[in-house]
Amino acid sequence: MLRNLAAIAAAVLFSIAQPVIASDLLVAPTRIVLDGNSGGEVMVSNTGDKTTTYRISLVLRRMDATGQINPLDEALATPSDAAALDIINYAPRKITLAPQQPQTVRIGVRAPPSLAPGEYRAHLLFRAVPDAATIDAPAPDAPKPGQPQGMSIALTPIYGIAIPVIVRIGAIEGKAVLANAHLTPVADGARVTVTLQRSGNRSVYGTLDVLAQGSSTPISTVKGLAAYTEVASRDVSVTIARDKLPAGPLVVRFTETDPAGGGAVVEAKVARGA
Amino acid sequence: MTVGMFWGKIMILLSKKTIGAIGAILAVATVSPAYAAAGNGTASVKILRAITVTKSSDLYFGKILPSASASTVAVAESGARTCGSGLGCYDTATSGGFHVVGTTGEVVSVSLDSATATLSDGASHSMTVNLATSTTALTLTGGAGDFKVAGTLNVGASQADGTYTGQYSVSVNYQ
């Protein structure tokens with residue numbers, strides 16, 4: 001509850017502060033699935049209030065068992081990673097956009113016939129290139145008389161958005177299963193933790209709902225949840241406020257929204273912890 | 001309104017103004033069938049899921065007076081600053097803050113490209129900063145979420161005065 005309130009308070013605060021902020025970046029869609037010789041596009045828009053240059057790069061990322069996605073050290077890249085970088089083309093790689101100006105980035109896949117069937121994935125990273133003025137901010141205060149000068153530090157964040165580009169070659173299959181769903185009491189309610197297990201040679205992607213057994217209205221929903229091919233399973237945690245927690249049994253339901261998933265639905269009962 | 005082909009489905013890009021103001025995703029509920037049909041006879045409409053990221057505050061250590069021995073200045077995610085022994089710290093410190101807007105209930109993963117950043121004064125002097133964020137999975141409750149970046153600045157013994165600049169990289173990863 002406290003956490004929710006804090007989140008709402010923060011959202012309100014930042015929505016008030018938003019108009020003065022520059023260098024906003026909008027990217028849509030947030031996930032791309034393609035096959036052997038196809039293409040797609042991503043829209044990038046500068047939603048900030050000044051002209052900004054964005055650099056677009058194709059990078060490798062790894063998911064761990066907690067679902068966290070981390071940059072991958074190039075030295076650890078597998079042949080499949082190298083193939084992904086090789087077959088995915090995109091243009092342009094650098095764009096300068098005026099405020100409110102959108103542009104499309106085109107993505108193409110050219111897979112050689114010899115490429116082994118399977119899922120190949122890289123991530124398209126969109127990043128604003130900071131200009132000199134941004135680097136100078138926050139402006140160091142002018143030294144006041146009698147005050148020692150010291151050091152001042154300007155650390156500029158280069159922040160961006162990464163979306164997966166998934167290429168599926170040949171026969172692919174995959175299935176999601178929920179396991180080990182359990183409830184742990186926390187200060188302001190309860191936490192439902194469940195393991196999303198994956199089998200087959202593709203990633204799974206979908207929506208996780210927490211429901212009272214027999215009810216069709218989710219108590220909580222987490223969208224855009226994936227288990228990539230590098231993990232056999234990943235954990236997902238959902239915190240439920242005390243006032244929303246039913247007395248009866250709970251179930252978790254995962255609905256695949258990946259085009260290859262065909263809307264498959266899996267469910268598991270949530271065990272109540274001691 | 002721009003109408004284009006996307007994944008074999010018809011995509012309608014909302015006006016620039018709408019996208020800029022709230023993001024295409026938030027407009028899902030407000031698109032009526034009549035609106036969707038305006039440019040085309042068919043009824044298939046795909047509103048793209050969009051994401052925006054905004055910087056809400058800089059990771060700022062304030063101004064620092066070095067001492068004869070090496071020490072550190074730490075800024076927590078709350079913005080609270082711990083000034084190492086011997087050092088003088090003034091100006092208000094802030095942690096790095098970012099605001100993410102996307103689809104309600106969607107979860108994104110936050111990652112720092114490198115846990116260390118190097119600051120340089122443009123001459124031969126440098127310092128390092130250790131970076132951390134406690135947010136790894138960010139659920140966009142109500143369509144938005146925030147995360148903070150904390151830092152620890154490693155100040156050398158008798159670190160030279162001046163303005164030090166550097167960069168760090170953080171990314172919001174969709175799954």
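Quick note on labels: first sequence line is chain A, next is B, and so on, each numbered from 1.
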- [ ] Evaluate side chain to side chain donor-acceptor pair (under 3.5 Å) for B:T72 paired with B:N154, printing each intermediate quantity in order.
- [x] CA-CA 5 Å; B:T72 59; B:N154 301 297; 5.7 Å; no
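Relative ring orientation between B:F98 and B:Y168 is described as perpendicular, the plane-to-plane angle rising above 60° on a 0-90° scale split at 30° and 60°.
Of the possible polar contacts, none joining the A:E119 side chain to the A:R202 backbone as a donor-acceptor pair under 3.5 Å is found. The backbone N or O of B:V110 lies less than 3.5 Å from a partner atom in the side chain of A:Q68, making a donor-acceptor pair. B:T133 places a side-chain N or O within 3.5 Å of a backbone atom of B:K148 that can act as its donor or acceptor partner.
Interface check for chain A: of the options B:S169, B:S111, B:P66, the most heavy-atom pairs under 4.5 Å are formed by B:S169. Of all the listed residues (A:A227, A:S220, A:A162, A:A226), the one sharing the greatest number of non-hydrogen pairs under 4.5 Å with chain B is A:A162. Each of B:S109, B:S114, B:A117 has some count of heavy-atom pairs under 4.5 Å with chain A, and the biggest count is that of B:S109. Top candidate by heavy-atom pairs under 4.5 Å with chain B, chosen from A:R61, A:H123, A:M63, is A:R61. Annotation: maximal heavy-atom pairing with chain B below 4.5 Å, among A:T207, A:L225, A:V238, occurs at A:L225.
Between the side chains of B:Q159 and B:Y164, a donor-acceptor pair is found at a separation under 3.5 Å. With 3.5 Å as the limit, one finds a donor-acceptor pair spanning the side chains of B:E77 and B:S134.
Heavy-atom distances place the side chain of B:V129, and not its backbone, under 4.5 Å from chain A. Heavy atoms closer than 4.5 Å to chain B are found in the side chain of A:Y228, but not in its backbone. Residue A:L125 touches chain B through its side chain alone, counting heavy-atom pairs closer than 4.5 Å. Heavy-atom distances place the side chain of A:R234, and not its backbone, under 4.5 Å from chain B. Within the 4.5 angstrom heavy-atom criterion, only backbone atoms of A:T221 (N, CA, C, O) approach chain B. For chain A, the nearby part of B:L112 is the backbone; its heavy atoms alone come within less than 4.5 Å.
Cation-pi geometry between A:R106 and A:Y90 is not met at under 6.0 angstrom from the ring centre and within 45 degrees of the axis.
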